[in-house]
Amino acid sequence: MPRNLLSRTSSTLSVVTWNVNSLRARLDHVVRFLREKSPSIVLLQETKVQDDAFPSDPLADLGYNIAKFGQKSYNGTAILSKAPLEEVEKGLPTLGDDQEARYLEAFTSGVRVASIYVPNGEAVGHTKFHNKERFFTALKDHLATSLRQEEPLIWGGDYNVAPTDADVYDPKVWRERILCSTPERTWLRSLLTQGLVDPLDQTPEAGQCNPFTWWDYRTRGFDYDRGLRIDHLLLSPWAANRLQKAWVEKNVRGWNKPSDHAPVMLSLTY
DNA sequence: ATGGTGGCGATGCCA
């Protein structure tokens, strides 16, 4: 056998998406998590900080390059990578110049990644619900363009949709409510029918749930494990074929003064 | 229980 095959090494790329619900309020948690898990690429949502106030130093000290797309008080996305970040794009092409800071994209480590924060929608039929539909339409249009480039894609973020009843602690309580309604599930599924793969959308056995990623503060949902799976890492076929595993870092939701979301991680062989 | 808690920023808005 040729020596170059015997000596060929493969490496692992790890990616995490995490809605931190304020990067400044969660900075200690983020630093602790990055120290413990050392992910290659980090996709953050709800940073809630303008770019000139972004706490770059403690993250750069851990070896990360940083791309940020923030705004005052609300929303905000960021990408951290141990490799250089190239071709950083802020916002979705069809949403105009004054759009909220909900989509950030970059090319790094041979992968095109996006950090995505889909509007919550407030309630089915609400004005904000229609904004949510427009955002998904813009995602879908941009995905069609991106898939044509034939680059590996990893689209991570808070999609604010639980794909099926297996992603909800009590589907009867949440039936046709915001995050779980049939239209929202159709909008999310349209990204999958275009070719993205959701590695945590396991076919559940009877009575089994997929792992939750969000537990409501207001109902003390984490105390009773009343959660939903609304944060997702979606992969193009190239990336999906190289998947080692995907999981939810549920323990982080149990730390002191946590975000209401847990990090979602995956590893790839490449 | 039609509420609850939490972040921002200074009050209500957003989730």
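Here is how names work: the chains are called A, B, and so on, in the same order as the sequence lines, proteins then strands, and each is numbered from 1. Scope of the values below: all heavy atoms of this structure, side chains included, with no hydrogens, waters or symmetry mates.
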Hits for side chain to side chain donor-acceptor pair (under 3.5 Å) against A:Gln71, two or more places apart or cross-chain, chain-then-number order -> A:Asn75
From CH2 of A:Trp174 across to C1' of B:dT2 the rounded distance in Å is 14 Å
**Message:** Parallel, tilted or perpendicular: which one describes the rings of A:Phe222 and A:Trp215, with boundaries at 30° and 60°?
**Reply:** perpendicular
Contacts satisfying salt bridge (Lys or Arg N to Asp or Glu O under 4.0 Å) that involve residues 250-270 of chain A (not counting sequence neighbours) are A:Asp225-A:Lys250
Practice prompt. For the residue pair A:Trp174 and A:Trp214, categorise the inter-ring angle as parallel (less than 30°), tilted (30 to 60°) or perpendicular (more than 60°).
Written response: perpendicular
A:Phe222 atom CZ is separated from B:dG6 atom P, nearest whole Å, by 14 Å
Quick note, salt bridge (Lys or Arg N to Asp or Glu O under 4.0 Å) partners involving residues 25-35 of chain A, not counting sequence neighbours, are A:Arg32-A:Glu36
Rounded to whole Å, the CG-C1' distance (A:Leu27 to B:dC8) equals 16 Å
inquiry  = What's A:Thr219 touching, base or sugar-phosphate or nothing? Going by heavy atoms closer than 4.0 Å.
reply    = base
Using the C1' atom as the point on both nucleotides, what is the distance between B:dG4 and B:dA15, in whole Å? 13 Å
At under 4.0 Å, does any side-chain N or O of A:Ser22 touch on OP1 or OP2 of B:dC8? yes
*On a whole-Å scale, what distance lies between the C1' atoms belonging to B:dC14 and B:dA10?*
16 Å
Taken to the nearest whole Å, CG/A:Asp223 to P/B:dG4 is 17 Å
Taken to the nearest whole Å, CG/A:Asn19 to C1'/B:dG7 is 12 Å
What integer number of Å spans the C1' atoms of B:dA1 and B:dT5? 15 Å
Measure all distances between protein nitrogen or oxygen atoms and nitrogen or oxygen atoms of nucleotides 13-15 of chain B, and list the pairs falling under 3.5 Å.
from, atom 1, to, atom 2, distance (Å)
B:dC13, O2, A:Tyr74, OH, 3.2

The complete set of side chain to side chain donor-acceptor pair (under 3.5 Å) pairs with one or both residues in residues 233-243 of chain A, sequence neighbours excluded, reads none
The complete set of salt bridge (Lys or Arg N to Asp or Glu O under 4.0 Å) pairs with one or both residues in residues 59-87 of chain A, sequence neighbours excluded, reads A:Glu87-A:Arg112
Atom CD of A:Gln45 and atom P of B:dG7 are separated, to the nearest Å, by 17 Å
note: A:Ile178, atom CD1; B:dT2, atom C1'; distance rounded to Å ~ 17 Å
